[in-house]
Every structure is written in C-alpha cells, then in structure tokens.
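Given the structure is predicted, the values throughout are model-derived calculations rather than measurements. Just so we're on the same page: letters track the sequence lines, and every chain starts at 1. FYI, side chains are in, hydrogens and waters are out, and symmetry mates aren't considered; it's all heavy atoms of this structure.
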There are 2 protein chains.
Amino acid sequence: MKAHADQVGGKVLKGDLQDLTKKGIPVSTNDLAEEISASAASVTDMIKKLNEKKYVDYQRYQGTLLTLEGGRLATKLVRRHRLWECFLVEKLGYGWEEVHELAEQLEHVQSEDLVDRLEEFLDFPRFDPHGDLIPDRTGRFTLRTQQPLSSMSIDDRAEVVGVAIHDSQFLKFLGDMNIEIGIQFKILEKFDYDGSMRIVIDGSQPTLISPVIAKNIHVKKI
Amino acid sequence: MKAHADQVGGKVLKGDLQDLTKKGIPVSTNDLAEEISASAASVTDMIKKLNEKKYVDYQRYQGTLLTLEGGRLATKLVRRHRLWECFLVEKLGYGWEEVHELAEQLEHVQSEDLVDRLEEFLDFPRFDPHGDLIPDRTGRFTLRTQQPLSSMSIDDRAEVVGVAIHDSQFLKFLGDMNIEIGIQFKILEKFDYDGSMRIVIDGSQPTLISPVIAKNIHVKKI
DNA sequence: TTAAATTTTTAGACAAGACTAAAAATAAAT
DNA sequence: ATTTATTTTTAGTCTTGTCTAAAAATTTAA
Ligand SMILES: [Mn+2]
Ligand SMILES: [Mn+2]
Ligand SMILES: [Mn+2]
Ligand SMILES: [Mn+2]
C-alpha cells in the first residue's frame, strides 16, 4: 500500500498509484506480513477477503496486486495520510520524524469532505513533509524529476526534494546535519572506494555523507 | 460518558466529570444500551470488563458508576472531542451541526501531546461550538452560570451560552433562526398557556420560541 | 531431474465484541 | 404478600481478526 515516489525519476508526467509502486509486479505474502508485522497466515486470510471484494487480484502462491478499485482506495488513504502529515508539521509544529505514526491514525477518519477541507486549509500542498507527492481529490498527481544523491557527480549542484526512508532515527539524523527538504548544495568530492561524498550546503560548512545515507536522499539537479 | 454542563447552573467553581454527570447516581444497563444503540446483553458484557479494569464500579442489577480513574479517562475523551469540534468549526469552516460525528472519530486518535498542541493552536478555547466546557490538560475546568431560556421572565435580557441537545436537526433549526452562541436578546412575552416565548434578538425582528426549544437553549442573564 | 530449502496455504484454535432467547432478579401492582 | 411486569443477566452462537503448527506448492540447488 505504501507508495514509492522514489522509484520514478525522469520526466514530469501524470501518474496514478500504479506508477508509484513497482508496476505490475505482485507483492509476496511474506513481504506483506513482514511490512505489517503479522503472520503470513493472517495475511493470506485477509488477502482472500480483499480478493473477494475485488480490491486485489490474488491467486494462491502467485502473490497479490491491487485492482484499479483497490488502487483508488489506496490512493485516497495515501492522500489523507500525507495531508495530515502536512497539518501536523505546518500547523502543530511537529518535526518530520514525528508525524508518521500520528498520521497513520488520522488517515483512518472516514470523511472525504474533511480531507478536502484540510487540503484547502493547508493551501493545497503538493508534497508532504518527506517530499512525497500528495494526490489531488481525483487521485491524480504530478510526477517529479528526481534521483538519489548517490548518483550525482563532482561539482554538480542539487536540491533536496525528498527522502526514501521515513524511519524517525534516520530523519532525526538528517535534521541534525541540517539536511532538509529544499536545501541546496554542491558535491565537492566523491570517494571511489565506498561512494562516500563530501557536500557543501549553501552558506554552511562541508559535510561527509555515507553511501547508505546518500542513496536515501532524493535530489533534483540544478 | 457524555458530560452535561446543563445540569450545573449556579456559581462559578472548579469541577470534575462527576460534577457534570448526575452525581453518584448509577446509570442503568438499559439506558447505556439505548444510548449507544446496542443490546443490554452487550452492555453487561462490556461493563463487566470495564469493572475488571477498575474503570467503573458495577454490581449486578445495581447499575454502573465511573470510578475516579474511569472519570479521568472519560474527561480526556471529552476534552479531545470538544477540541476537535473547535478545530472543525474554527479552522475548517464546518457548521456546529456537522462536527459531532467527525469529532467522535477524531477523539480516538491516541496522543496526549497532539491534543495539547491542538489546544494551543486553537488559542486555548474554553468552550466548544455547542457551548460545552473544555477541560484543561489536568482535567479541570471552570463551571459557568447558566439557565434554560425557559426559566427567564418578561423583559429579562440574556445571552445564549450553549445548547442542551446536539442533534443536528435541532442545531440547524436554531441556525436558521439566527440563534447561535453569543447572541443577546430580550424576552418580550411569555405565554402562560404553554410557555411559548417571544424574544427579540438585538438588531433583528422578534421570533416566537416554542417551550421545547426554550428548554434546550442555555442562557446567561445580563 | 530429483532432492532440499523456502514460501505459502490450510487446519484448527482463541479472544474480542456483538447478538438472540431464555432465566433470574428486581420493581410495580393488585 | 402475592402476582405480574420490567429490567438485567446468563447461556449459547456468530463474525472478525489473529495466531501456531502442519501440509502443500514452488523455487533453488545438487
Ligand atoms: Mn508517513
Ligand atoms: Mn510522509
Ligand atoms: Mn459532540
Ligand atoms: Mn460539542
């Protein structure tokens, strides 16, 4: 159910949830179980019910795929989740590392209208605090050019547009290094040995970025 | 679980949830069942569990009372509910007749901190859109002098401070008559026959108020 | 191409929360 | 003080969502 804007670099174009997931590749029962911390047996049971209701395409032993209807529902959930995250950060002053769990609860409040009003109240934000895209009322959103920081070269200049991981430890760590959405920087060095990079954030001192970190920061070349 | 500020006219003083409910009078199993639209059997089952957890005092056939701990929990829920109602009206532009059901969902989001921040964001409102008191972080609140409009006499001037019924039909009806929290008016006539009243809202035309309506509007004499 | 390892499903059980129908306790009426 | 009516509880069942252990299917390796 979780969308991964990260996997879709390239041109700006319209997309739906399918574009945000690994297109057409079924997810395994075990992976789902792992993701939601439940047993594989429970996942099988539930998936069968969702299949009955036509929210997923499921054939035993072959994994699971969202149907169009399931995708629509999932997109709505993603929309709600991300708008609530915006609210928590923009209006209640939470940090980007604190909002996911709260949004997980708020997203289950049933009311289309509430979310639409929330969106208006927030002035129609296009991205959530982690840089993820917010689908509009109709489920559409605009894709964005982006690439992992690890793919940049020396002397490139770039802007941080998102993160691949929402883990609060990771986000807090980035925060401590003053790395946040919107900051611009230049690549000073890239070490062939392990791919570590030295970058300099405009108006600040140079920082060393480990390859694992670099892979999980999404940037836009400028 | 629902607090009734209406039952406590009189002097301004500190209170807790006990003050807001019919003090010490146990609620019957059937009344609870009616209130939540469940069977009496279900209520008995659940009450037994709450009794186990010490949230209520229950003895079979004798009805149910909140314990101190249960009261504290209930107060928190009431606080959350009312703050969310404020949010929906103040920030998202909902009408007072639309917010109860949404707040019923939002109140179940688990996070003390979230509610405290919401309260601050709303500038520490003391009353919700229906004029009900909002407990503070510690569960305390200040009682307010009030009486039903039906108890006023000719030539009295008063201000609307709340409503006894939260039914959306009733609230919409009041709205249509331009009766809302904060408006001030004068009693022109009171008909002995059935208790109907004619009132005039400052800067408007006189209106006729039926006794049922008058009983459910809380006012403060001025 | 068969055997071993892994993944996924089934079978069976359990807890929570609901319900209906019948029994028991309490309250009201004669 | 009995009888009758009402309220409340118990008994038994159902549904939903979860789990573990064992069986079945698929994938990987020999
Ligand atoms: Mn999130
Ligand atoms: Mn996010
Ligand atoms: Mn309410
Ligand atoms: Mn209210």
Measuring from the side chain of [X] (C-beta onward, heavy atoms only), which nucleotide among [options] has the closest atom?
X: A/Lys49; options: D/dC19, D/dT16, D/dA11; answer: D/dT16
X: A/Ser42; options: C/dT9, D/dT18, D/dT10; answer: D/dT18
X: A/Ser28; options: C/dT8, C/dT9, D/dC19; answer: C/dT8

Check the orientation of B/Trp96 and B/His130. Use parallel for under 30°, tilted for 30 to 60°, and perpendicular for over 60°.
parallel
Please state how far atom [atom1] in [X] lies from atom [atom2] in [N], giving the value in whole angstrom units.
X: B/Gln59; N: D/dT8; atom1: CD; atom2: C1'; value: 14 Å
X: B/Arg60; N: C/dA23; atom1: CZ; atom2: P; value: 17 Å
X: B/Asp31; N: D/dT6; atom1: CG; atom2: P; value: 16 Å
X: A/Asp45; N: D/dT16; atom1: CG; atom2: P; value: 12 Å
X: A/Tyr58; N: C/dT7; atom1: OH; atom2: P; value: 16 Å
X: B/Ile47; N: D/dT10; atom1: CD1; atom2: P; value: 13 Å
X: B/Met46; N: D/dT8; atom1: CE; atom2: P; value: 18 Å
X: B/Lys53; N: C/dA16; atom1: NZ; atom2: C1'; value: 10 Å

Need to verify one output field. Residue with the more 5' nearest nucleotide on DNA chain D, B/Thr44 or A/Ala38?
B/Thr44
Students often get this wrong, so: under 4.0 angstrom with heavy atoms, is B/Thr29 touching a base, only sugar-phosphate, or nothing?
sugar-phosphate
Under 4.0 Å from OP1 or OP2 of D/dT9: is there any side-chain N or O of B/Lys48 that close?
no
Would you say a side-chain N or O of B/Tyr61 is under 4.0 Å from OP1 or OP2 of D/dT10?
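Result: no.
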For A/His166 and A/Asp132, test the side chains for any donor-to-acceptor distance below 3.5 angstrom and give the result as yes or no.
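The criterion, which ignores hydrogens and geometry beyond distance, is satisfied for A/Asp132 and A/His166.
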Of B/Gln105, B/His108, B/His100, which is the lone residue that meets side chain to side chain donor-acceptor pair (under 3.5 Å) with B/His81?
B/His100
Between B/Asp116 and B/Arg79, does any NZ, NE, NH1 or NH2 come within less than 4.0 Å of an OD or OE carboxylate oxygen?
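Yes, B/Arg79 and B/Asp116 are salt-bridged.
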Does B/Lys91 NZ have over 12 foreign heavy atoms under 6.0 Å away?
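Counting neighbours around NZ of B/Lys91, more than 12 heavy atoms of other residues, nucleotides or ligands fall under 6.0 Å, so yes.
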